[in-house]
Amino acid sequence: MEVESASSSLQVEPLRAVHLSWLQATDQTLLLPRLQSLLVRGWLAQAESLFPGLLLNRQPLALVASEDQSLRSLLLSRPHNRQASCWRLELQTLSPPSQHSQGDLNRALFKLALTGGHARSRSWVVRCSASDNVQIGILRELGFQPIRTFRRWRPQPATTTLHPTPWPQGCSWVPINRQSAPLLWALDQASTTSHQRQIVDRHPIDLLDQAGAGSGVLLTSGQLPNDGSSPVAIAGLVRQQRSDDAQVFELLRGPAWDQRLDAALPVLVNQLKELCPQATLVCNSEDSIVAAQIDSLGWHSMDDELLLGRSLWRRQTQARRLQATRPLESMLGRLQPQQPPLPTPVLGRR
């Protein structure tokens with residue numbers, strides 16, 4: 001599917017092999033290996049769509065905007081869950097446009113992603129800076145709604161060597177796997193609204209795709225040490241899936257502050273800094289308690305990031321009326337007189 005503006009110089013279409021030849025004699029040759037990989041993965045994505053029950057949807061679909069055989073912008077559409085009902089859109093500028101505004105290119109790319117995407121896509125999510133009013137305006141125009149705001153931090157350069165700190169008594173840090181994912185899922189659901197849960201349409205198994213170095217679940221054995229109760233997740237780090245392979249981790253915790261986090265959160269944050277010095281840490285912008293903790297640990301507060309979503313889901317309408325109303329109507333019908341009432345005899349005085 002291809003979209004052209006009123007001026008034929010702007011073309012928006014899926015990435016093709018001919019686009020790679022345009023990079024040979026330009027200063028964009030550094031993009032060639034990445035676009036070659038995206039082209040092959042796009043072919044794999046088409047194969048995944050043909051066998052939905054056999055292959056998981058993992059590969060991205062790449063769209064490009066070009067002017068006179070010069071690539072200007074790239075939009076990646078990635079599955080946000082394994083059933084491919086929700087897709088994540090990521091926009092990247094390759095070179096400044098010469099004949100159109102950047103907003104025109106972005107709008108055309110988003111429109112094509114929404115109309116010519118995966119057959120099973122029912123919702124989409126986009127992340128962008130909360131201060132990018134142009135981008136937010138385009139997304140709102142296309143039906144996206146803000147569903148969550150995140151605060152972002154980067155670690156300050158370490159002046160001293162960090163020494164490993166033991167976890168508080170009764171706490172343990174475990175990787176995200178099939179055993180710990182259901183425990184972390186409870187924190188994930190507690191940190192999102194019902195509207196966001198409907199849009200992303202994720203399940204506990206989807207958390208396995210966010211595992212890796214730096215991610216994990218903080219488990220505790222209960223309110224009292226050695227009480228033999230089942231482990232409970234009180235915090236976790238999940239790695240956000242990004243096309244640029246940036247190390248971005250989201251901090252999850254329960255709705256109520258657990259006092260054990262006073263000692264465990266500094267260990268968690270310092271461990272992330274040691275494992276991933278270039279990591280970006282994000283959490284709910286309304287979580288003032290965690291924000292104060294991270295600030296006190298010397299992390300640099302960057303900016304706010306906005307998560308926007310668009311959905312085609314529709315609420316199911318009731319096919320029939322409530323059953324409770326039928327007996328009531330039948331009872332009222334029986335009370336209606338079917339014929340004129342008979343006169344009541346009156347006894348005279350004896």
Under a 3.5 Å distance rule, please check whether Arg310 uses its side chain to pair with a backbone N or O of Leu142 as donor and acceptor. yes

CZ of Arg151 to CG of Leu251: how many Å apart, nearest 0.5 Å? 14.5 Å

Hey, are Arg122 and Asp201 close enough for a salt bridge, meaning a charged N less than 4.0 Å from a carboxylate O? no

Identify whether Trp173 and Leu187 are in the same connected component of the hydrophobic contact network (ILVMFWY, side-chain heavy atoms under 4.5 Å). no

Ignoring hydrogens and angles, tell me if any N or O in the side chain of Arg260 forms a donor-acceptor pair with the backbone of Pro168 under 3.5 Å. no

Does Asp303 form a side chain to side chain contact (heavy atoms under 4.5 Å, CB included) with Arg152? I'd like the steps, not just the answer. CA-CA 6 Å; Asp303 58 0; Arg152 304 196 297 179; 2.8 Å; yes

Heavy-atom closest pair, residues Met302 and Arg154: SD-CG, 2.8 Å

According to a hydrophobic-cluster definition based on side-chain heavy atoms being under 4.5 Å apart (Ile, Leu, Val, Met, Phe, Trp, Tyr only), do Leu268 and Leu219 belong together? no

Do we see a donor-acceptor contact under 3.5 Å between the side chains of Glu90 and Ser77? no

Phe150 six-ring face occupied by Arg127 cation (under 6.0 Å, within 45°): yes

Arg148 with Glu305: basic N within carboxylate O range, under 4.0 Å: no

Do Arg78 and Gln59 meet the criterion of a side-chain donor-acceptor pair at a distance under 3.5 Å? no

Would you find a donor on one side and an acceptor on the other, under 3.5 Å apart, between the side chain of Asp206 and the backbone of His203? yes

Ionic contact status for Arg82 with Asp209, cut-off 4.0 Å: yes

To check you understand the geometry: which heavy-atom pair defines the closest contact between Leu207 and Ile176, and what is its length? O-CG2, 3.8 Å

Flag for Gln99-Asp68: side-chain donor and acceptor within less than 3.5 Å: yes

Same apolar cluster: Val269 and Ile234, side chain cutoff 4.5 Å: yes

Take Phe144 and Leu114 through the test side chain to side chain contact (heavy atoms under 4.5 Å, CB included) and record every step on the way to the result. CA-CA 11 Å; Phe144 284 84; Leu114 296 176; 4.1 Å; yes

Leu297, Leu275: one ILVMFWY side-chain cluster at the under-4.5 Å cut-off? no

Side-chain donor/acceptor of Asp132 to backbone N/O of Cys128, under 3.5 Å: no

Gln92, CD: over 12 other non-hydrogen atoms inside 6.0 angstrom: yes

Can you give me the closest heavy-atom contact between Arg178 and Ile205, atom names plus distance? NH1-CD1, 3.8 Å

Between Glu67 (side chain) and His100 (backbone), is there a donor-acceptor pair under 3.5 Å? yes

List the steps, then state whether side chain to side chain contact (heavy atoms under 4.5 Å, CB included) holds for Leu63 with Leu74. CA-CA 6 Å; Leu63 306 177; Leu74 171 69; over 6 Å; no

Checking Arg242 side chain against Ala246 main chain: does a donor-acceptor pair fall under 3.5 Å? no

Does CD belonging to Glu141 count more than 12 external heavy atoms closer than 6.0 Å? yes

Side chain of Asn81, backbone of Val200: donor and acceptor closer than 3.5 Å? yes

I'd like to know if the side chain of Arg72 and the backbone of Pro96 have a donor-acceptor N/O pair within less than 3.5 Å. yes

Between His19 and Glu13, do the side chains contain an N or O donor and an N or O acceptor separated by less than 3.5 Å? yes

Can a donor-acceptor pair be found, under 3.5 Å and without considering hydrogens, that links the side chain of Lys273 to the backbone of Gln156? yes

Closest non-hydrogen atoms of Ser301 and Asp295, given as atom of the first, atom of the second and distance, are CB-OD1, 4.3 Å

Is it the case that the side chains of Gln102 and Asn106 hold a donor-acceptor pair, with the cut-off being a distance below 3.5 Å and no angle test? yes

Do Ser66 side-chain atoms and Gln69 backbone N/O form a donor-acceptor pair below 3.5 Å? no

With Leu237, the side chain to side chain contact (heavy atoms under 4.5 Å, CB included) member among Leu252, Leu281, Val217: Leu281

Single-linkage hydrophobic cluster Val290~Leu184, side-chain heavy atoms < 4.5 angstrom: no

Checking side-chain polar atoms at under 3.5 Å, does Asp304 have a donor or acceptor matched by the opposite partner on Thr149? no

Minimum-distance pair of heavy atoms, taken over all atoms of Leu39 and Ala17: CD2-CA, 3.8 Å

Could you tell me whether Arg253 and Asp287 have a side-chain N and a carboxylate O separated by less than 4.0 Å? yes

If I compare all heavy atoms of Leu109 with all of Val64, which pair ends up nearest, and what's the gap? CD2-C, 3.8 Å

Go through the side-chain N and O atoms of Ser311 and Gln198 and say whether any donor and acceptor fall under 3.5 Å apart. no

